[in-house]
Student: 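One structure coming up, written as structure tokens, with questions to follow.
Side chains are part of it too, since the values below use all heavy atoms of this structure and drop only hydrogens, waters and symmetry mates. So you know, we letter chains A, B, ... as the sequences are listed, proteins then strands, and number each from 1.
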Protein chains: 2
Amino acid sequence: MTLTTTADGPDLDGVPAAVDVLLDGFFDRKAGRGRAPHLPHLVELLRAFTKGGKRLRPVLCARGWQAAGGGDPAAVLPAAASLELFHTFALIHDDVMDRSDTRRGRPTVHRLLAARARRHPHLLDAERFGDSGAILVGDLAMVWSDELFHDCGLPPERLAAARPFLDAMRGEVMHGQYLDVLSCTDFDSGLDAALNVIRYKTARYTVERPLQLGVALAGGGPPLLDACSAYGLPVGEAFQLRDDVIGVFGDPAVTGKSCLDDLREGKHTALLALALECADAAQARTLRALVGDPELDEEGAARIRSVLLSSGALDTVEHMITERRRRALRALEQAPFPAATRSALQQLAVDATERTS
Amino acid sequence: MTLTTTADGPDLDGVPAAVDVLLDGFFDRKAGRGRAPHLPHLVELLRAFTKGGKRLRPVLCARGWQAAGGGDPAAVLPAAASLELFHTFALIHDDVMDRSDTRRGRPTVHRLLAARARRHPHLLDAERFGDSGAILVGDLAMVWSDELFHDCGLPPERLAAARPFLDAMRGEVMHGQYLDVLSCTDFDSGLDAALNVIRYKTARYTVERPLQLGVALAGGGPPLLDACSAYGLPVGEAFQLRDDVIGVFGDPAVTGKSCLDDLREGKHTALLALALECADAAQARTLRALVGDPELDEEGAARIRSVLLSSGALDTVEHMITERRRRALRALEQAPFPAATRSALQQLAVDATERTS
């Protein structure tokens, strides 16, 4: 596994591609293992599903490594890749829970398995097989991500130093997902509850913890770890706020997923919480009637979008995104990071909050 | 954490109780962590669900440790307890996939969560909340089991030696569960497929790997590890064959779970595969009409049981159990285990195959 080296040191722009190569090799080894029936088929499902992500967590892990002067980034790639495989697990279970049909422009794992079962002559219950199979394929991705992490080749004392951040990250994302699911049962849980979900489910999981993991694997101490939080939490919140906007206003041709899913699911985002707080009586009636309707069509979605705009909720969320990006960039100025890390994280804060997919 | 010491050394009969104390302490620490919203509630769900198991995997892990001369068994207890928490994860997901109502005489996690959601004034979809919540609570048990394992206090080189057995165990049980779910889509997949499921899902997961994990944690080498397989695989298969018999012929008052679940689910056990192979035309029609019917009642179950008896399938399974127990006991005679381990594993082979719950 090599990355191009430039005058500024190793070029971390190659991390996503290098992670892909590494994961492919891992899947090859798993598929080639002996006579285990049906295992190669599960491996290929995981391989296909894992393709095409942004590799944001591995990139941030490599940036943390760089921030702490870890040296050759090739050494941190297996651990970084393990975060991507963990993310595969989280997405597969998320799709089952949200009953999503597509992800990254392709059918979700439970839909693929259900479709396969439907072609089977002895079918008992294809939908149920799809859900059960996806739960198990997700579980497999989780235990394999762990295997990839602890077999990553770094010295045991470095792994031991990083482990608390991995543990925290994994516990937090489950907990955040639970809060997210819980919030869907309560239409009026409010902005604070929505921001809590964002903190646990995204900000820590997507930005703060991957950065800290890279720092810890490189032997970095508290000042660096704290700087990861000061930057990571606001940028992670802004990332999720942008995600919520894209989930409703995004272009499916660009995002690879339906922009009806979040609305049909009744996902309790900050955007929706704000709209409910600012809405007049007629607007609130529209939201209550349409959000969470599993049969919602494009016309209904357009009416919801109109309320999100006219109530001022979208403007407020855009303002929250800007404010958090500003905080993240300010934290970055004070962070004890080398120049290459700082400028890359500046760019990332801008990209993550201005993206369209 | 202490265990009573007798003239023969530490008394491993105290392992289940010691594991319970240890898990309680772990849950206390998790519930006490800061201001994380709703987390204490999830911890209490896990604590309640984890109560009352046989602690078979921790006991076998402690026996492996003893077999390899690991010394004070208190040192292996956290790692042993981590297997129980992993098992909690596996059972919670299993119950979601099987749509089981009860486990160990109490409602399953997804049923508990659905019931709680139903009492909520803002309910959107209680069933779905129950399933999603249980998937996440299970995921949490899995990552916490990993935390308990690598924080167990044993030296890093011992953990590294044991890790391949933990990885293998976790991969195998997911894979076995997948084969199990897959077999439910195919009524005629036959005895070999059913025995494959048993091997991956139970024999390795429940007996061989926990024993090997204890051996590896104590620094034991290949002769001991091989002896764990020679004993563990047949006794594990016999254990699952007995489980399948109990699942259909067991007394719910003793087992704590319905004896209709497996039949309603259409679980493709060796018992059912044998019955289909031996059945005459009328018997086969009965099985095909009733097994897998989600509405199956006690009268229908009685008709299935009658076919399992009259076709000779039950007798054949009993013979298979006896034969496997014999093989396990013979392997034990040749195993390089100390006398205390040997006699405990002899007793376990008998208990596991003669049990009624």
Student: Using a 4.5 Å cut-off on heavy atoms from C-beta on, say whether the side chain of B/H175 contacts that of A/P37.
Tutor: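 Yes, side chains in contact.
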Student: Taking every heavy-atom pair that is under 4.5 Å apart, which of A/D139, A/V181, A/L140 has the most such pairs with chain B?
Tutor: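 Most pairs with chain B among the choices: A/D139.
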Student: Measuring only between side-chain heavy atoms, which start at C-beta, is A/L113 closer than 4.5 Å to B/Y178?
Tutor: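 Yes, at least one pair of side-chain atoms sits under 4.5 Å.
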Student: Please state whether the side chain, the backbone, both or neither of A/R99 comes within less than 4.5 Å of a heavy atom of chain B.
Tutor: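 Contact with chain B is through both the backbone and side chain of A/R99.
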Student: Do the side chains of B/M97 and A/L136 get nearer than 4.5 Å, heavy atoms only?
Tutor: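 Sidechains of B/M97 and A/L136: in contact.
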Student: Most heavy-atom pairs under 4.5 angstrom with chain B, which of A/E172, A/R199, A/Q177, A/R128?
Tutor: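 Top option by heavy-atom pairs under 4.5 Å: A/R128.
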Student: Please round to the nearest 0.5 Å and tell me the distance separating atom OG of A/S132 and atom CG of B/L182.
Tutor: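 Taking OG in A/S132 and CG in B/L182, the distance rounds to 11.0 Å.
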Student: Would you give the length of the straight line joining atom CG of A/N196 to atom NE2 of B/H38, rounded to the nearest 0.5 angstrom?
Tutor: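 Answer rounded to 0.5 Å: 8.5 Å.
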Student: My understanding is that only one of B/D131, B/D94, B/V96 makes a side chain to side chain contact (heavy atoms under 4.5 Å, CB included) with A/I135; could you say which?
Tutor: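 Looking at B/D131, B/D94, B/V96, the match for A/I135 under the side chain to side chain contact (heavy atoms under 4.5 Å, CB included) is B/V96.
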Student: Could you tell me the separation between the CE atom of B/M142 and the CZ atom of A/F89, rounded to the nearest 0.5 Å?
Tutor: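 Going from CE on B/M142 over to CZ on A/F89, the span is 6.0 Å.
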Student: Who in residues 160-171 of chain B is close to chain A, using a strict under-4.5 Å heavy-atom cut-off?
Tutor: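 Residues B/R163, B/D167, B/R170, B/G171 are the ones that qualify, each having a heavy atom under 4.5 Å from chain A.
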